[in-house]
Amino acid sequence: MFNGDSDEGKPDYLRGRYKDSFAYPSLCNRLPDILTRVIDILHRSWSSFTNEERVESNLIISRISNLKYALEHNRSFDCVCDKKLDCEMWNKVLMDETFMAKGRAPAFFDSPWLYTECYVYRKLAECFHLSPRFSQYDWFSCQKKAALVNSIPSCSGLLNQLKTMVSEDEHFKDKLLEFLLKVSLWANKCDLSISGGTENDHHSNAFLDISAFESYLLIDHVNSALKMISDLSASQPDGLYIDYVIDNSGFELATDLVLSNYLLSSGIASKITLHCKSLPWFVSDATPFDIHWTIDFFSKQDELLSALASSLKTLMFTERRLEIVADNFWTLPCTLDQIAEFDYPLFQKLTTADLCILKGDLNYRKLSQDRLWAPGQNYKPPNIPCDILAIRTIKSESVFNLCPEKFLEASNRDKDWNISGNYGLIQLVPKTLRFE
């Protein structure tokens, strides 16, 4: 699956053994801190557990401690054994990687960072799945809910600003999609996995002033994307079919829901499928429960948020034009060019899409193969089944097709530009599969 240190003239994958990359401190500090916080969550919940749950929680804590020890000491990976639907695929990757390494099992710091990081979160899930009373437990739920509750002023501010803009400028509707795409981009800064699970202070309406972020947008294909959407809409008056791969819950999810609601209610899209994580993942990534909980929470807020919730429920349950799907693929350690191999039904579904909106850092890393691309190095992701609009604030070093001038501009301004989350991209990636 990961074919050696470098293949076909491509740069290597990001790996924990490269101490000058963000992968190294991430595996040394950030991931162990997240595991410790999960243990702390269980300890703090002790008083609410039954006696049977306390016994099981002790076993879970022991498993998490063993996982943390293995990570910190660069131990070899072992099989996923909780008998969930994705076990076979995870163990296939392990077997293939062991075979490629001539019998040596992959290890935490030696393996590609994408593989290792996903493996840690999947083994964390296994720690809970092996205890029946915790098999449906979301160990990040409280943090995700708190992030949304604290972002309600920003959510209300977004809807109020949209209302004001439309009422003051009858032509603003022409710019509404651009505005919502950029708000959705900068909301991606709200990522609990980067802060180790500590909530970021992103609850003001600062994200709504998108002009303040223009100089931080390193790849800006918004105009090309708008033209493509306009051209497709002209040829498909019934609306476009859009797959929307979401990332974080909280304020970012709110912006994704506002954007989806606009695309459907305006007639630009006839149907949108929201793809989310099937497991608690990377601390703040959204699951189906998070999406439904968010919409229900909006229904109990102010008039505008309640109206948004009502519209979304109509689109989901009455009109059946907004669908929520949790695909196992997004929690596998695979890159997007391998989607046909690991999830052929999802691959087939994406071939029918007019556009796929791909949100967030992890999903982009799947698109870029999580390699350390040089500025100006041309890369065309292979086997991409539909046009992709990648929307991401940059929190890891893998960025492809970044022009050298933008690289120098960002580097001179901030030495940590490619891991801080302060810079972003809206990047249109054409499909590379053609169907006769």
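Since the model is a prediction, treat every value here as computed from it, not as a measurement. One is the number of the first residue; the rest follow in order along the sequence.
- In terms of modelled atom types and a separation under 3.5 Å, the side chain of D361 and the main chain of K395 share a donor-acceptor contact.
- Among all heavy-atom pairs drawn from T98 and A105, the shortest one is OG1-CA, 3.6 Å.
- The backbone N or O of K349 lies less than 3.5 Å from a partner atom in the side chain of T352, making a donor-acceptor pair.
- The ring of F140 has its center no closer than 6.0 angstrom to the ring center of F282.
- In this structure, F99 has no ring pair (Phe, Tyr, Trp, His ring centres under 6.0 Å) partners at least two apart in sequence or on a different chain.
- Residues T287 and D285 have side chains that never bring a donor and an acceptor to within less than 3.5 angstrom of each other.
- Residues T50 and R133 bring no donor and acceptor atom of their side chains to less than 3.5 Å of each other.
- Residues that satisfy the side chain to side chain contact (heavy atoms under 4.5 Å, CB included) test with A307, not counting sequence neighbours, are absent from this structure.
- Shortest non-hydrogen contact noted between C356 and L350 is SG-CD2, 4.5 Å.
- Residues A353 and C386 come closest through the heavy atom pair O-CB, 3.9 Å.
- Residues passing the ring pair (Phe, Tyr, Trp, His ring centres under 6.0 Å) test with F400, sequence neighbours excluded: Y364, Y379.
- Other residues, nucleotides and ligands place no more than 12 heavy atoms under 6.0 Å from the CD atom of E303.
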Inset, instruction - Before giving the answer on ring-ring contact (aromatic ring centres under 6.0 Å, His included), spell out for Y115 and Y13 the whole-Å C-alpha distance, their side-chain angles and the decisive distance to 0.1 Å. - result: CA-CA 10 Å; Y115 182 18; Y13 304 102; over 10 Å; no

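- Contacts classified as ring-ring contact (aromatic ring centres under 6.0 Å, His included) and involving residues 28-61 (residues at least two apart or in different chains) are given here: F49-F134.
- Between N401 and W373 there is no side-chain heavy-atom pair separated by less than 4.5 Å.
- Counting all heavy atoms, side chain and backbone alike, D256 lies closest to S184 at OD1-OG, 2.9 Å.
- Formation of a donor-acceptor pair under 3.5 Å by the S260 side chain with backbone atoms of L257 is not found in this model.
- At a threshold of 4.5 Å between non-hydrogen side-chain atoms, the residues I339 and I384 do not count as touching.
- Note on ring orientation: taking the six-membered ring where Trp is involved, the planes of Y216 and W186 are perpendicular (angle over 60°, cut-offs 30° and 60°).
- Listed for the Q143 side chain is no donor-acceptor partner under 3.5 Å among the backbone atoms of S284.
- Side-chain contact check for T255 versus L180: every heavy-atom pair is 4.5 Å or farther apart.
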Legend entry - Verdict with reasoning, N188 to E252, per side-chain hydrogen bond (donor to acceptor under 3.5 Å, both in side chains): CA-CA 6 Å; N188 184 240; E252 182 180 356; 3.0 Å; yes

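- When only modelled atom types and interatomic distance are considered, Y423 and D416 share no side-chain donor-acceptor pair under 3.5 Å.
- Between the side chains of T335 and Q338, at least one donor N or O sits under 3.5 Å from an acceptor N or O.
- Between M89 and the options D343, L332, V80, a side chain to side chain contact (heavy atoms under 4.5 Å, CB included) holds for only L332.
- In this structure the side chain of V429 reaches within 4.5 angstrom of the side chain of P381, judged on heavy atoms.
- You'll find the side chain of K92 reaches within 4.5 Å of the side chain of D96, heavy atoms only.
- Of the possible polar contacts, none joining the N418 side chain to the S396 backbone as a donor-acceptor pair under 3.5 Å is found.
- To the nearest 0.5 Å, the span separating CH2 on W139 from CG on L124 amounts to 5.5 Å.
- Checking side-chain atoms of S156 against main-chain N and O of P153 turns up no donor-acceptor pair under 3.5 Å.
- In this structure, R75 contributes its side chain and A70 its backbone to no donor-acceptor pair below 3.5 Å.
- Shown are L185, I219, L218; of these, the side chain to side chain contact (heavy atoms under 4.5 Å, CB included) with I426 is made only by L185.
- Under the ring pair (Phe, Tyr, Trp, His ring centres under 6.0 Å) criterion, F297 pairs with W293, not counting sequence neighbours.
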Legend entry - K300 vs D296, salt bridge (charged side-chain N to carboxylate O under 4.0 Å, His left out): CA-CA, chis, key distance, verdict: CA-CA 7 Å; K300 302 166 188 171; D296 288 340; over 6 Å; no

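- Using a 3.5 Å distance cut-off with no hydrogens or angles, the side chains of W417 and S411 do pair a donor with an acceptor.
- Here the shortest heavy-atom pairing between S311 and N261 reads OG-OD1, 2.6 Å.
- Checked against E117 for a salt bridge (charged side-chain N to carboxylate O under 4.0 Å, His left out), the options R15, R365, R122 give a single hit: R365.
- Under the 3.5 Å distance criterion, with hydrogens and angles disregarded, a donor-acceptor pair is assigned to the side chains of T273 and Y241.
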Inset, instruction - Please lay out, stage by stage, how Y119 and F108 fare under the test ring-ring contact (aromatic ring centres under 6.0 Å, His included). - result: CA-CA 9 Å; Y119 175 82; F108 288 88; 5.7 Å; yes

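- Geometrically, K277 does not engage Y121 in a cation-pi contact, judged by NZ or CZ lying under 6.0 Å from the ring centre and within 45° of the ring axis.
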Legend entry - Audit row: E214, K182, salt bridge (charged side-chain N to carboxylate O under 4.0 Å, His left out) steps and yes/no: CA-CA 9 Å; E214 287 303 311; K182 290 183 176 179; 3.1 Å; yes

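- When atom types are taken as modelled, the side chain of S310 and the backbone of S306 share no donor-acceptor pair closer than 3.5 angstrom.
- The shortest non-hydrogen separation linking P333 to K366 is C-NZ, 4.4 Å.
- Checked against ring pair (Phe, Tyr, Trp, His ring centres under 6.0 Å), W113 has the following partners two or more places apart in sequence or in another chain: F22.
- Taking 4.0 Å as the cut-off between side-chain N and carboxylate O, R37 and D33 do not count as a salt-bridged pair.
- Within a 6.0 Å radius of CZ in R104, no more than 12 heavy atoms belonging to other residues, nucleotides or ligands are found.
- Using a 4.5 Å heavy-atom cutoff, the side chains of P11 and Q377 are in contact.
- Considering only heavy atoms from C-beta on, D82 stays 4.5 Å or farther from F128 through its side chain.
- Judged by distance alone, with hydrogens and angles left aside, the side-chain atoms of D337 form no donor-acceptor pair with the main-chain N or O of P382 at under 3.5 Å.
- The closest donor-acceptor contact from the side chain of S270 to the backbone of L240 lies under 3.5 Å.
- Inter-residue side-chain proximity for D110 and P106 is flagged as unmet; no heavy-atom pair is nearer than 4.5 Å.
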